[in-house]
Amino acid sequence: MLEEVERWLARRSWSAADRPLDRILAAKRGAGTTVSVVLPALNEEATVGAIVAAIRRELMTEAVPLVDELVVLDSGSTDRTAVVAAAAGARVVHRDEVLPRLPALPGKGEVLWRSLLVTEGDVVCFIDADLRDFSADFVSGIVGPLLTEPDVHFVKAMYDRPLGEAVGQGGRVTELVARPLLNLHWPQLAGFVQPLGGEYAARRSLLERLPFPVGYGVELGLLVDALHTVGLDALAQVDVGVRKHRHQDGRALGRMAAAIYRTAQLRLARGHLVRPALTQFERTSEGFVPRTYAVDTEERPPMAGIPEYAQRHAA
């Protein structure tokens, strides 16, 4: 590991317990900073309500006014995600209602990008909507450094990821694809424990300057581009404990890996791209049948260049 990364680990890696809520709230009041929490959601009726309820109960009260805005961005759910989220107290916005002049593309990154246009917070915190046994530390832990450390701009959560009963065996795409890519090509980022984790917070002033890959590559893309935009010392990570969520099957992980590799390759070359397709095999009664999927190749430009966003923030 680079000496620079070793120093960064000592300086910019914390535990959620390092910043008590009273310290975070005092810093928030002193700076007048506002905080938005965004949950991108696609068919998450089983878990989204409990997450929303916990944030409202623990971080949106008169005694603990840490979160100013809680938005669930529905990515086209066909279940009761929107109903459950609204009943729990979130403002629910459908992806297709945001920036309707641009037809929406499928993918998580698309929803995160559009969320910038319908939120107001100086700090934006993204939380995946499929978490089980959710703790409000996921929010306060990663928002805290952005309120207490003026020179920190981007904070990722780190945690254990069990796979069933196996401790520490989750995050298979991280270990097989993302971590090798980062260590080989962006060694300054080798200290991030969960580079692909969906829980992270950043200053709006940074997010609005970054392009957003529309699909699975969004987390790696934002991390790499944040490094190049604000430098390693402006990035940080916070230990929030254990993350339990729904796991993808092997074929879905393959598609995720392909999108992440493509995101990395684009940033390495900004030129020739590998073929943006992935063929996988599925056993049927007739033997192994090939299935070919398109790999996400679209990216949305920095939100600061979108006229509607500029008009909204100039008002």
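- R179 CZ to L181 CG: the interatomic distance, rounded to the nearest 0.5 Å, is 11.5 Å.
- No side-chain donor-acceptor contact under 3.5 Å links E69 and T119.
- Using a 4.0 Å cut-off between a side-chain N of Lys or Arg and a carboxylate O of Asp or Glu, R203 and D122 do not qualify as a salt bridge.
- Distance alone, capped at 3.5 Å, places no donor-acceptor pair between the E299 side chain and the G221 backbone.
- Note on R209 versus D225: no salt bridge recorded, every NZ/NE/NH1/NH2 to OD/OE distance being 4.0 Å or above.
- Checked by atom type and distance alone, the side chain of T81 never pairs as donor or acceptor with a backbone atom of L42 at under 3.5 Å.
- No continuous path of ILVMFWY side-chain contacts below 4.5 Å connects L9 to M158, so the two sit in separate hydrophobic clusters.
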Test log, rule side-chain contact (heavy atoms from CB on, under 4.5 Å), inputs E6 and L2: CA-CA 6 Å; E6 292 181 350; L2 297 176; over 6 Å; no
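- A donor-acceptor pair under 3.5 Å is formed between the side chain of T61 and the backbone N or O of V64.
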Which side-chain N or O atoms in residues 95-104 pair as donor and acceptor under 3.5 Å with protein atoms at least two apart or in another chain?
from : atom 1 : to   : atom 2 : distance (Å)
R95  : NH1    : S75  : O      : 3.2
R101 : NE     : E308 : OE1    : 3.3
R101 : NE     : E308 : OE2    : 2.5
R101 : NH2    : E308 : OE1    : 3.2

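- Under the 3.5 Å distance criterion, the side-chain polar atoms of R300 are left unmatched by any main-chain donor or acceptor of F212.
- No hydrogens or angles considered: a donor-acceptor pair under 3.5 Å links the side chains of Y200 and E219.
- Scanning both residues, A16 and V240, for their nearest heavy atoms gives CB-CG1, 4.4 Å.
- Counting heavy atoms from C-beta on, the side chains of L39 and L73 never come closer than 4.5 Å.
- Using a distance-only test at 3.5 Å, with no hydrogens or angles considered, a donor-acceptor pair links the side chain of D74 to the main chain of G76.
- Under the 4.5 Å side-chain heavy-atom criterion for ILVMFWY residues, a single connected hydrophobic cluster contains both L206 and V38.
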Full working for side-chain contact (heavy atoms from CB on, under 4.5 Å) between E199 and L131: CA-CA 10 Å; E199 291 71 43; L131 302 187; 3.8 Å; yes
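- Within the 6.0 Å centre-distance limit, the rings of F192 and W8 are counted as a close aromatic pair.
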Chi angles and distances behind the side-chain contact (heavy atoms from CB on, under 4.5 Å) call for V218, L112: CA-CA 9 Å; V218 63; L112 299 183; 4.2 Å; yes
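- For the pair E208 and R204, the salt-bridge criterion is not met [side-chain N within less than 4.0 Å of a carboxylate O].
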Tell me which donor-acceptor pairs under 3.5 Å the side chains of residues 141-156 have, and how far apart each pair is, sequence neighbours excluded?
from : atom 1 : to   : atom 2 : distance (Å)
T148 : OG1    : R19  : NE     : 2.8
T148 : OG1    : G144 : O      : 3.2
E149 : OE2    : R19  : NH2    : 3.2
D151 : OD1    : R12  : NH2    : 3.3
D151 : OD2    : R12  : NH2    : 3.1
K156 : NZ     : P195 : O      : 2.7
K156 : NZ     : G197 : O      : 2.9

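- Between the side chain of Q188 and the backbone N or O of V5 there is no donor-acceptor pair closer than 3.5 Å.
- Neither side chain, D18 nor S15, offers a donor N or O lying under 3.5 Å from an acceptor on the other.
- Residues R80 and E44 are not paired through a salt bridge, judged by the lack of any N-O separation under 4.0 Å between the basic side chain and the carboxylate.
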